There are 2 protein chains.
Amino acid sequence: MNAPTTELSPIEDRTLRAQVRRQILDRVLGGHFKPGERLVETALSSQLRVSRAPLREALRELVDQGILVSEPYKGFRVRPVSERDLKELFSMRTALEKFAFALAWPLRTPQGFAELDKRHDDLMSIRATGDQAKAIECEIAFHAWVYETTDHRLLMDHWARLSHLVRIYMSLHHNLHGSHGEFGEMTTRYRDLCNGGSLDAMLLHIDEHMTQGFDSVVKALK
Amino acid sequence: MNAPTTELSPIEDRTLRAQVRRQILDRVLGGHFKPGERLVETALSSQLRVSRAPLREALRELVDQGILVSEPYKGFRVRPVSERDLKELFSMRTALEKFAFALAWPLRTPQGFAELDKRHDDLMSIRATGDQAKAIECEIAFHAWVYETTDHRLLMDHWARLSHLVRIYMSLHHNLHGSHGEFGEMTTRYRDLCNGGSLDAMLLHIDEHMTQGFDSVVKALK
DNA sequence: TGCGATTTGTCCGTATGTATT
DNA sequence: TAATACATACGGACAAATCGC
């Protein structure tokens with residue numbers, strides 16, 4: 001019954017809460033709500049034409065996804081970003097993704113490779129169009145491949161949490177610095193190594209990939 | 001201004017929502033709410049003498065902690081447990097804890113060792129008393145040491161999520177099988193290796209430690 | 001320091017949509 | 001298919017805490 005999707009296809013958010021959550025997330029990733037900015041419930045409530053109950057629940061879910069932060073009686077704010085946070089995000093991604101590859105390596109299949117190829121091509125072509133929001137989703141989907149291959153639900157949960165932060169930084173990077181299509185070869189090399197015979201080479205490449213990504217974002221933020 | 005506490009000392013939950021969350025968590029860990037059991041909002045609302053708004057927010061937070069699951073229009077249930085979930089939990093813990101030790105290794109200090117000793121002794125003495133709830137918290141605190149030593153907030157967040165699931169399985173293990181004081185030597189060896197000179201020996205021990213823990217819980221569940 | 005305005009936290013009654021039997 | 005139980009959502013109200021002057 002469930003499509004084998006990641007959370008890419010909303011299809012339809014059944015509850016108002018889910019719709020609100022998506023709208024706020026879009027505003028954050030789109031740069032309308034900037035890091036550190038205060039979100040006032042009554043204002044949001046009237047803007048989005050929803051009552052405070054589902055709004056507050058949506059906000060709490062975004063807190064648990066790491067998009068927002070909250071303190072009792074002080075309300076919600078967009079998560080502030082720092083170089084330290086970014087550093088932690090990349091080191092965490094590196095550790096999780098290495099773990100994922102170690103698990104996924106013997107589980108790779110021809111169908112899996114075909115799917116990875118598809119996501120690779122989608123990513124490359126959407127990058128060319130300059131549609132930032134879609135490019136981010138494609139980038140996430142591309143990297144999600146290895147996690148899905150592990151068939152490890154808990155690991156996928158933790159990746160999902162990380163991916164939200166990745167989205168924030170990618171959108172920030174783009175909003176500040178413009179597109180970053182300069183990683184084309186890196187992406188293709190990543191795909192080829194996934195399809196190759198050496199796990200060690202793959203793990204080594206992840207370190208490089210992450211380090212380069214980190215440097216690039218840091219440079220853009222400064 | 002903040003005390004250097006983990007989440008061990010509630011001190012006082014300022015919001016009703018936080019108090020409700022704790023009460024429900026206690027009921028789950030205490031075995032009053034069993035895995036898979038349905039939680040009806042109106043019933044809980046009147047039992048706990050709170051309105052449904054903060055109750056629902058508390059329930060959502062527990063969902064995000066992995067304690068409960070929910071589906072639109074079908075309500076909340078205590079997270080069902082399976083051998084697969086347990087296996088994933090232990091493999092995830094192994095991966096994260098190895099990563100934590102690699103980071104923490106050069107950051108260890110004499111004060112840190114003193115703190116670890118304290119937690120070790122607390123754990124051993126509380127195990128002797130048979131107070132299950134406190135023993136679980138001490139066990140969690142003992143293992144939290146390495147994560148705190150890393151000074152890596154994002155990693156600590158992910159450990160916090162895992163720790164909630166660990167609590168569930170430990171309480172389940174106890175409720176079904178009785179206390180498990182048979183791990184005394186293992187715990188002491190873990191502490192000694194933390195204090196020792198070989199990171200590799202530590203990492204190897206983590207594998208053994210987790211494998212034994214997994215086998216023990218699986219045996220109790222069957 | 002205090003005081004008023006703003007905002008969050010909580011409660012209640014009601015109405016509607018969904019799942020289940 | 002109908003009936004019931006329940007989750008979802010609304011709007012108004014007030015208390016409690018924070019914020020700004």
Side-chain angles (χ1 to χ4, degrees), chain A residues 1-3 10-25 27-28 32-65 67-80, chain B residues 1-3 7 10-25 27-28 32-80:
Chain A
M1 180 176 284
N2 272 328
I11 298 178
E12 187 180 20
D13 292 323
R14 299 189 56 210
T15 63
L16 189 55
R17 174 183 69 257
Q19 298 170 32
V20 167
R21 189 182 57 214
R22 172 157 293 278
Q23 290 196 47
I24 297 174
L25 179 58
R27 281 172 163 75
V28 171
H32 293 92
F33 292 153
K34 300 191 191 318
E37 181 173 345
R38 175 92 177 276
L39 299 185
V40 178
E41 293 178 14
T42 50
L44 264 180
S45 169
S46 58
Q47 280 178 32
L48 301 177
R49 310 294 181 87
V50 297
S51 65
R52 285 176 60 206
L55 170 64
R56 283 171 58 89
E57 292 188 30
L59 290 169
R60 296 231 169 277
E61 291 179 335
L62 290 168
V63 168
D64 293 305
Q65 291 180 355
I67 309 293
L68 306 179
V69 296
S70 82
E71 282 182 272
Y73 296 100
K74 295 174 80 172
F76 298 86
R77 297 193 341 272
V78 179
R79 184 195 194 92
Chain B
M1 179 175 283
N2 274 328
E7 62 223 79
I11 298 178
E12 185 179 19
D13 292 321
R14 300 192 53 213
T15 62
L16 191 54
R17 173 182 70 255
Q19 298 170 31
V20 168
R21 189 181 58 213
R22 171 156 294 279
Q23 290 194 47
I24 297 174
L25 178 58
R27 279 171 161 77
V28 172
H32 291 91
F33 292 151
K34 301 192 191 316
E37 181 173 345
R38 175 89 179 280
L39 300 184
V40 177
E41 293 179 15
T42 50
L44 263 181
S45 169
S46 57
Q47 280 177 31
L48 301 177
R49 309 296 182 85
V50 298
S51 66
R52 294 177 52 200
L55 170 64
R56 283 173 58 88
E57 292 188 27
L59 290 170
R60 295 234 170 275
E61 291 179 334
L62 289 168
V63 168
D64 292 305
Q65 290 179 356
I67 308 294
L68 307 178
V69 295
S70 83
E71 283 181 271
Y73 297 102
K74 294 174 77 171
F76 299 87
R77 297 191 342 271
V78 179
R79 183 195 193 92

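All chains are named by letter (A, B, ...) in the order of the sequence lines, taking the proteins before the strands, and each is independently numbered beginning at 1. Quantities reported herein were computed from a predicted structural model and do not represent experimental measurements.
Leu44(A) comes within 4.0 angstrom of nothing in the nucleic acid, heavy atoms only. Across all strands, Leu59(B) comes closer than 4.0 Å to no nucleic acid atom at all (heavy-atom distances).
Between Arg38(B) and dA7(D), a side-chain N or O to OP1/OP2 separation shorter than 4.0 Å is present. Not one side-chain nitrogen or oxygen of Arg77(B) sits closer than 4.0 Å to the OP1 or OP2 atom of dC6(D). Within the 4.0 Å cut-off from OP1 or OP2 of dG9(C), not a single side-chain nitrogen or oxygen of Lys74(A) is found.
One interatomic measurement links the two molecules: CZ of Arg17(B) to P of dT10(C), which rounds to 6 Å at whole-angstrom precision. Atom CZ of Arg56(A) is separated from atom C1' of dG9(C) by 6 Å (rounded to the nearest Å). For the pair Arg60(B) CZ and dG9(C) P, the interatomic distance rounds to 17 Å; values are reported in whole Å. In this entry the distance linking CZ of Arg49(B) with P of dC11(C) reads 12 Å, nearest Å. Atom P of nucleotide dA7(D) and atom CD of Glu57(B) are separated by 16 Å, given to the nearest angstrom. The distance between atom OH of Tyr73(B) and atom P of dA15(C), rounded to the nearest whole Å, is 18 Å. Rounded to a whole Å, the CD atom of Glu41(A) is 11 Å from the P atom of dT10(C). As a whole-Å value, the separation of Arg52(A) CZ from dT10(C) C1' is 9 Å.
Salt bridge status for Glu61(B) with Arg17(B): present, with a side-chain N to carboxylate O gap under 4.0 Å. The pair Glu37(B)-Arg77(B) does not count as a salt bridge, with every side-chain nitrogen at least 4.0 angstrom from each carboxylate oxygen.
The nucleotide whose nearest atom lies closest to any side-chain atom of Arg14(B) is, among dT20(C), dA17(D), dC10(D), dA17(D).
Checked options Thr15(B), Leu48(B), Leu59(B); the residue passing with Val20(B) is Leu48(B) (criterion: side chain to side chain contact (heavy atoms under 4.5 Å, CB included)).
Between the side chain of Arg79(A) and the main chain of Leu68(A), no donor-acceptor pair closer than 3.5 Å is present.
Between Pro72(A) and Thr15(A), the one whose closest nucleotide on DNA chain D sits nearer the 5' end is Thr15(A).
A 4.5 Å side-chain heavy-atom check between Ile24(B) and Leu55(B) finds at least one atom pair inside the cut-off.
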